[in-house]
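Okay, so here's the structure we're looking at.
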There are 2 protein chains.
Amino acid sequence: MVMQMTKMSIDRRVARTRDTLHQTLMSLILKQGYEAITIRDICDTANVGRSTFYAHYTSKDDLMRSGIENLRSVLVDRQRAAQANPGDIRHRSLGFSLTLFEHARDHIDLHRGLVGGGTVALGIIRQILADLVRGELAATVDKKSEGATPREFVVQYIVGAYMAVLTWWLDRGAKPPPTEVDAMFRRLATDGILAHLAEGDRS
Amino acid sequence: MVMQMTKMSIDRRVARTRDTLHQTLMSLILKQGYEAITIRDICDTANVGRSTFYAHYTSKDDLMRSGIENLRSVLVDRQRAAQANPGDIRHRSLGFSLTLFEHARDHIDLHRGLVGGGTVALGIIRQILADLVRGELAATVDKKSEGATPREFVVQYIVGAYMAVLTWWLDRGAKPPPTEVDAMFRRLATDGILAHLAEGDRS
DNA sequence: AGGATTTTGGACTTGATGCCCGTTATCTTA
DNA sequence: TAAGATAACGGGCATCAAGTCCAAAATCCT
């Protein structure tokens with residue numbers, strides 16, 4: 001029979017295989033870290049033929065990429081909610097921060113695997129955040145206020161700082177609760193480090 | 001003859017080998033990126049037996065690590081010079097910024113290879129910067145002004161932001177000159193993003 | 001010059017990748 | 001529920017890099 005053009009309901013076997021592969025990858029990340037994982041490992045653990053793996057994904061990175069995309073939707077949703085809320089610019093901006101801190105705390109093992117692991121996951125998350133921040137800046141800042149600092153510069157600055165802080169926080173076992181790290185990050189980002197340094201040292 | 005205890009002048013063969021290996025690694029980074037380099041590549045290009053490589057280093061990362069340490073001294077030196085200079089806290093702090101931007105511009109190919117390449121180089125540079133910033137904060141901030149924000153949090157924040165900005169800048173071909181990016185970074189870091197956002201949008 | 005040390009190059013093992021293909025299991029749909 | 005389509009299996013195969021080892025040759029140091 002000819003394939004229907006718009007959208008075929010996905011074969012259950014395909015769905016099952018892909019699902020299993022994703023879950024297995026995650027569990028292996030927790031167990032041995034991303035880098036150390038081999039495609040053999042994944043297939044063996046998942047009870048999936050290696051040929052089958054290659055029928056769906058071209059590499060470990062490919063599997064990872066495809067599996068991490070749902071994180072984006074979570075963040076985007078919450079972001080939208082935060083944007084809708086009225087409030088001072090101080091509270092309205094950087095909406096992803098608390099969300100991601102909390103998500104990381106709730107799935108701490110997974111996130112530790114991600115950050116501890118390869119560049120791939122970090123890169124994807126980085127990109128997702130960059131998109132969010134970019135959108136936020138576009139909605140927040142006035143078009144005419146274009147200063148000497150390129151928009152993208154600010155985006156990279158914020159995302160870089162956030163990723164570093166998130167990683168550090170996870171490495172320490174997510175010690176201070178999300179709301180607190182969130183507050184620290186926001187303050188640092190919006191007010192700058194001068195406020196921190198000069199507190200007891202205003203010359 | 002018995003080995004002298006304190007310090008033996010290094011065998012010329014050893015020095016030559018190690019030197020060649022380092023230079024070769026760098027040139028290969030520029031040509032094909034760090035990740036894609038194989039130990040075979042290095043040895044072939046360097047005209048060094050593969051056995052010899054393993055007699056000196058245990059891995060590609062090992063070679064990289066040992067080779068990048070001189071960058072540290074460059075930065076540390078300039079940092080010291082900057083620290084000695086009198087001046088407002090705004091100019092005295094973040095001394096590494098301009099230095100590294102300039103170094104990156106002068107060795108742009110190398111730096112592009114580094115950042116474009118593996119996690120290793122980035123990690124090392126990150127660590128070097130973290131040490132610098134940590135030292136700087138310790139010298140700058142008053143002990144008693146310890147706020148709710150851990151010192152290390154600020155360090156990670158700054159370094160993360162800087163690395164991201166540096167990478168972005170290099171990817172764009174180091175377009176705005178070092179002094180300008182440096183100024184942008186400093187301003188963002190010390191004054192925060194609020195100053196930027198609110199410029200034309202003070203509600 | 002001569003003993004010490006390094007370099008060499010090739011052989012060997014191990015293990016991962018990626019691909020192929022005939023067989024078997026499972027799904028879809030009519 | 002039976003038939004035809006499709007996916008999964010699994011074993012084999014070629015390729016390549018990582019490491020290790022060793023005897024012979026080259027180079028260095030004093």
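Note that these values count all heavy atoms, side chains included, but never hydrogens, waters or copies made by symmetry. In what follows, chains carry the letters A, B, and so on, assigned in the order in which the sequence lines appear, proteins first and then strands, with residues in each chain numbered from 1. What you see is a predicted model, and the numbers here were worked out from it, not measured in a lab.
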Is there a side-chain polar atom (N or O) of [X] under 4.0 Å from OP1 or OP2 of [N]?
| X | N | answer |
| --- | --- | --- |
| B/Arg12 | D/dC29 | yes |
| B/Thr38 | D/dA18 | yes |
| A/Thr52 | D/dC9 | yes |
| B/Tyr54 | D/dG19 | yes |
| B/Thr17 | C/dT7 | yes |

Between [atom2] on [N] and [atom1] on [X], what's the gap in Å once rounded to a whole number?
| X | N | atom1 | atom2 | result |
| --- | --- | --- | --- | --- |
| A/Ile10 | D/dA5 | CD1 | C1' | 17 Å |
| A/Arg50 | C/dG18 | CZ | P | 9 Å |
| B/Asp62 | D/dG19 | CG | C1' | 14 Å |
| B/Phe53 | C/dT6 | CZ | C1' | 17 Å |
| B/Leu63 | D/dA18 | CG | P | 13 Å |
| A/Arg13 | D/dT6 | CZ | C1' | 5 Å |
| A/Arg40 | C/dG18 | CZ | P | 12 Å |
| B/Ile39 | D/dT20 | CD1 | P | 10 Å |

**Q.** Distance-only donor-acceptor check, side chains A/His22 and A/Ser66, under 3.5 Å
**A.** yes

Q. What class does the angle between the rings of A/Phe96 and A/Tyr162 fall in, given that below 30° is parallel, 30 to 60° is tilted and above 60° is perpendicular?
A. perpendicular

Q | Geometric class of the A/His107/A/His103 ring pair [parallel <30°, tilted 30-60°, perpendicular >60°] | A | parallel

(Q) As a test of reading the structure: which of D/dG10, D/dC29, C/dG10 is closest to the side chain of A/Ser51, going by heavy atoms? (A) D/dG10

Q: Side chain of B/His56 only, please: which of C/dT7, D/dC28, D/dA18 is the nearest?
A: C/dT7

Q) Taking the nucleotide of DNA chain D with the closest heavy atom to each, which residue, B/Thr58 or A/Gly49, is nearer the 5' end? A) A/Gly49

Q) Atom CZ in B/Arg134, atom CD in B/Gln127: separation rounded to 0.5 Å? A) 8.5 Å

(Q) Applying a 4.0 Å non-hydrogen cut-off, can you work out what A/Asp41 is touching in the nucleic acid: base, sugar-phosphate, or nothing? (A) nothing

Q: Run the ring-centre check on B/His111 versus B/Phe101 and record whether the distance is less than 6.0 Å.
A: no

